[in-house]
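Read the structure below first, then the notes.
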Amino acid sequence: MSKYPFNQIEPKWQAFWEDDKTFKVTEDPAYPKDRRAYVLDMFPYPSGAGLHVGHPEGYTATDIYCRYLTMNGYNVLHPMGFDSFGLPAENYAIKTGTHPKITTEKNINRFREQIKSLGFCYDWDREISTHSKEYYRWTQWIFLQLYNRGLAYEAETPINWCPDCKTGLANEEVKDGRCERCGSQVSRKNLRQWILKITAYADRLLEDLEDLEWTDAIKAMQKNWIGRSEGADVIFTIENSSETIKVYTTRPDTLFGATYMVLSPEHPLVETITTDEQRSAVEAYVHAAAMKSDLERTDLAKEKTGVFSGTYAINPVNGAKIPVWIADYVLISYGSGAIMAVPAHDTRDWEFAKEFDLPIIEVLEGGDVQKEAFTEDGIHVNSGFLDGMGKTQAIEAMISWLEERSMGEKTVNYKLRDWIFSRQRYWGEPIPLVHCDTCGTVPVPEDQLPLELPEVSSFTPTGTGESPLAGIDTWVNTTCPVCGKPAKRETNTMPQWAGSCWYYLRFLDPKNTETLASQEAIDYWMPVNLYVGGAEHAVLHLLYARFWHKVLYDLGVVKHKEPFQRLINQGMITSFAYQRSDKSLVPTDEVEETGPDTFIEKSTGEPLERVIAKMSKSLKNVINPDEIIRDFGSDAMRLYEMFMGPLQVSKPWSTSGIAGVHRLLDRIWRLAEQPRSTAEAPKELQKVLHKTIKKVTHDTGLLEFNTAIAQMMICVNEFYKAKEIPLSIWEPFVQLIAPYAPHLAEELWEQLGHAPSIAKSTWPTWDESLTVDEEITVIFQVNGKVRAKVSVALGTGKEELEKMALEHRRIIEWTEGKTIRRVISVPDKLVNIVVSG
RNA sequence: GCGAGAGUGGUGAAAUUGGCAGACACGCUAGACUUAGGAUCUAGUGCCUUAUGGCGUAAGGGUUCAAGUCCCUUCUCUCGCACCA
């Protein structure tokens, strides 16, 4: 057993920090703006499963960074809270009859305890939970501001419906046609909805990404999700009708090649323009399309289907008569739900034209349009006034031509849809609106907020599209705040994303009863300097929160356009799994290691390959942080998660790896048992210390914790070679490890006779002259191959090095009888001699 | 299909501006020591080779005195989007 008594040290210092309120932070005006830092973790949903090894990864990273900043003289805001409304607690309530508030608060207590057991420097006085009424009062208040600005509207619209969760979902919550949460196939259902007009902010959400310090990957995901495209609306007239069809196209230059049109089956004109001969076929097709789920519609992507409406439209540019088809490859939700089809230059239209034998007319040269669609740039042909032009020029020319004749105009379209904001469930913020027969929809007056979630006897969703709240007559029936007549409350609740849209603001001033956060607190801390969390929120939470923030900006509540200046996504912690030759996976407890990196399945003896997989219950490869902390201590846990590799990449957990960092802590502990002298330290020890201070300072600032830890290991290895470590070396070293292994560092700091806390001590500085070696190794190469290594004084001149190389015995051997063509001499690095013959 | 990222020992990984590939750690091997522990300490450990030496950063090509790093082609994997006109 190791000597290092982490199980005594760690609880001791956690209790100290708690009683001492060591990490309480205030808006101290003595710190100038550039000495304040707001470092935020994505707060967790307090699930029944407790903390996962993935949570401490990001939390440890920010904790180290915050402690480092504090020691460097920053005032650091580092809060933690809980995203505590949501479906899992409610589903559990349905199963067991336990109120979600009870299970949620129990889970929060467990989470808080687990988080505290890792020794993080959160200011717990600022803890918030989104389900508390003091918090959701302001979530509701923000909703009312959105409503008052016309950014929340009610509509009867087909939405994504999850039959298992019995609620509507936002587009962002649907993955591959399935519910992101439970995996059930999502169907479409017509429901009365509250919708937020996020599309009104599409351009700003796109433009303001520019100045953010986020990874290009996340920016790209948001850009793709917003999906801005420039093109033109074109108006087509219909033969023998006064109706017109408006289409959106990004390629107005190909208008001469439009040989047919397509309406989405849901398009309002379908009924009007269908001819009597085609009516039964069209109705059957429209009905069949409505029956298909989104998944089926996309799954059948290879086979294009459609039906002719019987009607013809007139191509505005050349008067050509072209058939109008109905097909479900055109989506009602994008553009105008109708397209002009240019099979020669669009892959989808080409496939459809081949399927139904429609004409393909080439209007850009460069491909063979009978064989496949040509979608690249080329010279226009068969295109009247566009002939001879390239794509860009032709697009402009066509738009002008259309605009002059009022047949179309330049337009911008987005893939982003408005945000379906209501959920037909219980455990969420009630939407603070009242429906009055006389006054219509009326907001609950702000001074009556929070509109509290009532007690219910059954949490079971009705499944009819009404929330369980609809069944509570005493709550639903109210009076209209305007006219005082009987009225009914809105019974939908808000989605889980609502609470997390603005929690970073509440942390600034969590107890304020007058406003969501005081102006002073907002001005003191905002924006968030560093935000760390999982990449799974790349579009959902991060897009929604940015949207709300911009609304608050327009209201004058915040003064920065963006909430999160810098964003880092930590990589996932994966686990090893074992794979049979047929690629099926074997649970870890049925695997035996028979040699280095060779594994067999116990029951069959079949050889297995070790692969990397997500942790999952079924593979029995889930790591429980509580057990790791029990066996190795939280300092070891923190250190290991940071030592595994770069923060941003995903990496597999290996329990033997944690033994390595535990050994480091044990070695440090044993060094501490040495007597400490005040004698001047030998030069070699000074040098290793100063190199370590430099490297750890640099790497910690860049969140490159793995290499900082490696340097501390090198330093400890050097310490073991020395007879003794004088105080002047030991003390700064203890400070260097403080952000990484805070419990051990506090204990050692106390041993050194200092009053706690080391977290408030000043970060050590290094002497640059002690970080460079006077003697360095220079390599001599012949034709780029290393042939000799010599030790020379730092800064030895180019010519001198060259001379040394040419006179070196080994170099002479390699160059003898050959012609020296060239000599490259780089001081402090190398000499390369190029020879031939 | 489109977009983004990645591919380095048995394993996790290092490698400012192109300049000794594999730091540090796990694992393994040998030795020492012992309070037989989840010890500890020391040394070794990319591959081939008897040393000299040769080969090595997914594959192939290029630029360069010099390439893990820059350029081109290809392959594989991960993530995101996916009939968005």
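Only this structure's heavy atoms are used, side chains among them; waters, hydrogens and symmetry mates stay out. Note that the structure is predicted; figures quoted are calculated from it, not measured. A note on names: the letters A, B, ... follow the listed sequences, proteins ahead of strands, and every chain is numbered from 1.
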The dot-bracket string of RNA chain B, counting Watson-Crick and G-U wobble pairs with both distances under 3.5 Å, using [ ] for crossing pairs and | for pairs to another strand, is (((((((..(((......[....)))((((((.......))))))(((....)))..(((((..]....))))))))))))....
Side-chain N or O of A:Arg670 less than 4.0 angstrom from OP1 or OP2 on B:rA39? no
With rounding to whole Å, what would you report as the distance between B:rA6 and B:rU69 at their C1' atoms? 15 Å
Please find the pair of heavy atoms, one from A:Trp653 and one from A:Val53, that lie closest to each other, and give the distance. CZ3-CG1, 4.2 Å
Can you check the A:His537 NE2 to B:rC79 P distance for me, whole Å? 17 Å
CH2 of A:Trp669 versus C1' of B:rA39: gap in Å, rounded? 18 Å
Salt bridge check: are A:Lys354 and A:Glu351 linked by an N-O gap of less than 4.0 Å? no
Pick the nucleotide of RNA chain B nearest each of A:Met221 and A:Gly227; which residue has the one closer to the 5' end? A:Met221
Distance between the C1' atoms of B:rA67 and B:rA21, in whole angstroms? 11 Å
Does A:Arg546 count as lying over the ring of A:Trp214, i.e. NZ or CZ under 6.0 Å from the six-ring centre, within 45 degrees of the axis? yes
Between protein and nucleotides 68-77 of chain B, map the contacts as a letter string: B base, S sugar-phosphate only, - none, heavy atoms under 4.0 Å, written 5' to 3'. ----------
With a non-hydrogen cut-off below 4.0 angstrom, is A:Arg228 in contact with a base, only sugar-phosphate, or nothing? nothing
Verify, without hydrogens or angle tests, whether A:Asp349 (side chain) and A:Val342 (backbone) share a donor-acceptor contact under 3.5 angstrom. yes
Between B:rC20 and B:rU57, how far apart are the two P atoms, rounded to whole Å? 15 Å
Using atom NZ of A:Lys785 as one end and atom P of B:rU52 as the other, report the distance to the nearest whole Å. 15 Å
Quick one: is B:rG53 close enough that its OP1 or OP2 comes under 4.0 Å of any side-chain N or O from A:Arg810? yes
Under 4.0 Å between any heavy atoms, over every strand shown, what does A:Lys614 touch: base, sugar-phosphate, or nothing? Just pick one. nothing
To the nearest Å, how far apart are A:Ile218 CD1 and B:rC79 C1'? 10 Å
Rounded to the nearest angstrom, tell me the gap between atom CZ in A:Arg822 and atom P in B:rU64. 10 Å
Assign A:Phe632 to base, sugar-phosphate, or nothing according to its heavy-atom contacts below 4.0 angstrom with the strands shown. base
Nucleotide B:rA85, atom C1' - distance to OH of A:Tyr260 in whole Å: 11 Å
N/O (side chain, A:Ser650) to phosphate O (OP1/OP2, B:rU78) under 4.0 Å: no
Does a side chain donor of either A:Arg667 or A:Asn717 reach within less than 3.5 Å of an acceptor in the other side chain? yes
Tell me: CD of A:Glu266 to P of B:rC83, nearest whole Å? 14 Å
Does the ring center of A:His662 lie less than 6.0 Å from the ring center of A:Tyr640? no
Report which part of the nucleic acid A:Lys695 touches: base, sugar-phosphate, or nothing (heavy-atom distance under 4.0 Å, all strands). nothing
Expected label for B:rG9 (glycosidic angle, syn inside 90° of 0, else anti) would be syn
Can you tell me if A:Asp773 uses its side chain to pair, donor with acceptor, with the backbone of A:Glu775 under 3.5 Å? no
For the pair made of CH2 in A:Trp814 and P in B:rC65, what is the distance, rounded to whole Å? 21 Å
Heteroatom pairs (N/O) under 3.5 angstrom, protein to nucleotides 19-26 of chain B:
| unit_1 | atom_1 | unit_2 | atom_2 | d |
| --- | --- | --- | --- | --- |
| B:rC20 | O2 | A:Lys789 | NZ | 2.7 |
| B:rA25 | OP1 | A:Asn717 | ND2 | 3.1 |
| B:rC26 | OP1 | A:Arg663 | NH1 | 2.3 |
| B:rC26 | O2' | A:Ser656 | OG | 2.9 |

